[in-house]
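Predicted model only: the values in this text are computed from it and were never measured. Note that ligands are numbered from 1 as they come in the structure, with each ligand's atoms numbered from 1 the same way.
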Amino acid sequence: MKKITIAIDGFSSTGKSTLAKQLAQKLQYVYVDSGAMYRAVALYALEHKLIDDNVLNTEKLIASLPYINVAFQYNNSLKASELYLNEVNVNTEIRSMIVSNAVSIVASVPEVRKQLVALQQQMGAKKGIVMDGRDIGTVVFPDAELKLFMTASAHTRAQRRYEELVSGGTTVSFDAVLENITSRDHLDSTREDSPLFKAKDAIEIDNSSLSLEDQFEKVLALVNSKLAIA
Ligand code: DC
C-alpha cells in the first residue's frame, strides 16, 4: 500500500502530538515530535549556561551545534520513541517549564532550524511518517499529501497543559501556564525564520469543543481520501 506524509502544525497544546500518535499507530507510520528536538537543543543551551536571564548566547550555541546530537530511540516497553541528547535520555527533562520558557528563543535561531530541518527531512525521506510541529507543512515537507493545522482557544490549551503538568507532579499555577502559552504563540508566529502559519493547502481543525474520538474520525476520513488518490 502506498504511504503518504502527514504534516501537523499548529499552536502549542492543541493536541497535535495526541492526534499524530493516534494516526501513526493506526497507519503503522513513524511518528516524529519535532518540538521535542527543539526542546533538546534548548536543554543543551541551559545545561551549558548559554542562556542567562532569558538572553541566549547565539554565537556560542551556533558554535556548539556540531556537538549537539539529537536522536529518537524506540522504547519497546513504553511502545514509544524517546528523545536522546548526546546519548542521554532527556524525554522527561525537555517537558519542564524551564525548557518551555527557553525553547522559543532557541527555535528562532536559523542555524538551529537548518540543522534540525535537515534531520527531519531525512527521517521522512521514505514517507510513511506523521510529524508535528510549527513548520512541517510549510518548510520541512511542503509536498506532504496531507497537511493539518490545529487550533484551539488559548484558555482551553492552557487548561490542558496545566492538567498535564499537575498530573505529572509539577507544581505550577494556571496563570504561569497561560502566560507561557500566549508568549510562545507570539514568539512562534512572529519570528523571522519559518514562523508558524497555516499553509495554503492545510486543513484547519479547531478542537476547542471537539472530542478526541470525533477529531480522529474526521482526520482518518481525510487520510483515507488522500490514500485513495496517492
Ligand atoms: O510542540 P512543542 O510545544 O513541544 O514545541 C516546542 C517549541 O519548539 C515551540 O515553542 C516552537 C518550537 N518548534 C518550532 O519552532 N518548530 C517546530 N517544527 C516544532 C517546534
Find all atoms of ligand 1 within a distance of less than 4.0 Å from any non-hydrogen atom belonging to Asp188, and give their numbers and elements. 9 (C), 10 (O), 11 (C)
Can Tyr162 and His155 be said to form a ring pair (Phe, Tyr, Trp, His ring centres under 6.0 Å), step by step? CA-CA 10 Å; Tyr162 173 74; His155 195 276; over 10 Å; no
Will you find, in the side chains of Glu163 and Gln159, an N or O donor that is under 3.5 Å from an N or O acceptor? yes
Any ion pair linking Lys127 and Glu145 (charged N to carboxylate O, less than 4.0 Å)? yes
Which of the atoms in ligand 1, numbered in the order shown and given with their element, are less than 4.0 Å from a heavy-atom of Ser104? 10 (O)
Could you tell me the residue and atom name of the protein heavy atom closest to atom 19 (C) of ligand 1, and the distance to it rounded to 0.1 Å? Ser34 OG, 3.3 Å
On a heavy-atom basis, I'd like to know which of Gly10, Ala42, Gly35, Ser100 is closest to atom 20 (C) of ligand 1. Gly35
For atom 16 (N) of ligand 1, the closest protein heavy atom turns out to be Arg113 NH2, 3.0 Å
Flag the pair Lys226 and Asp201 as a salt bridge only when some basic side-chain nitrogen lies within less than 4.0 angstrom of an acidic carboxylate oxygen. no
We want to know whether Ser104 and Asp188 form a side-chain donor-acceptor pair, criterion being a heavy-atom distance below 3.5 angstrom. yes
Do we see a donor-acceptor contact under 3.5 Å between the side chains of Ser173 and Asp175? no
Protein contact of atom 9 (C) of ligand 1 - nearest heavy atom, named by residue and atom, plus distance: Arg134 NH2, 3.3 Å
Does Tyr44 share a hydrophobic cluster with Ile105, counting links as ILVMFWY side-chain heavy atoms below 4.5 Å and allowing steps through other members? yes
closest protein heavy atom to atom 12 (C) of ligand 1 is Ala107 CB, 3.8 Å
Looking only at protein heavy atoms, which one is nearest to atom 3 (O) of ligand 1, and what is the separation? Arg184 NH1, 2.9 Å
Flag yes if more than 12 heavy atoms outside Asp52 fall under 6.0 Å of its CG atom; otherwise flag no. no
Should the proximity of Arg39 to ligand 1, defined as any heavy atom under 4.0 Å, be assigned to the side chain, the backbone, both, or neither? side chain
Numbered in order shown, the ligand 1 atoms found under 4.0 Å of a heavy atom of Ile136 are 18 (N)
Are side-chain N/O atoms of Ser208 and Arg157 paired as donor and acceptor at under 3.5 Å? no
Side chain, backbone, both or neither: which applies to Arg191 and ligand 1 if a contact is any heavy-atom pair less than 4.0 Å apart? side chain
Nearest to atom 18 (N) of ligand 1, what protein heavy atom do you find, and at what distance? Asp135 OD1, 2.8 Å
Which bit of Val140 gets closer than 4.0 Å to ligand 1, counting heavy atoms only: side chain, backbone, both or neither? neither
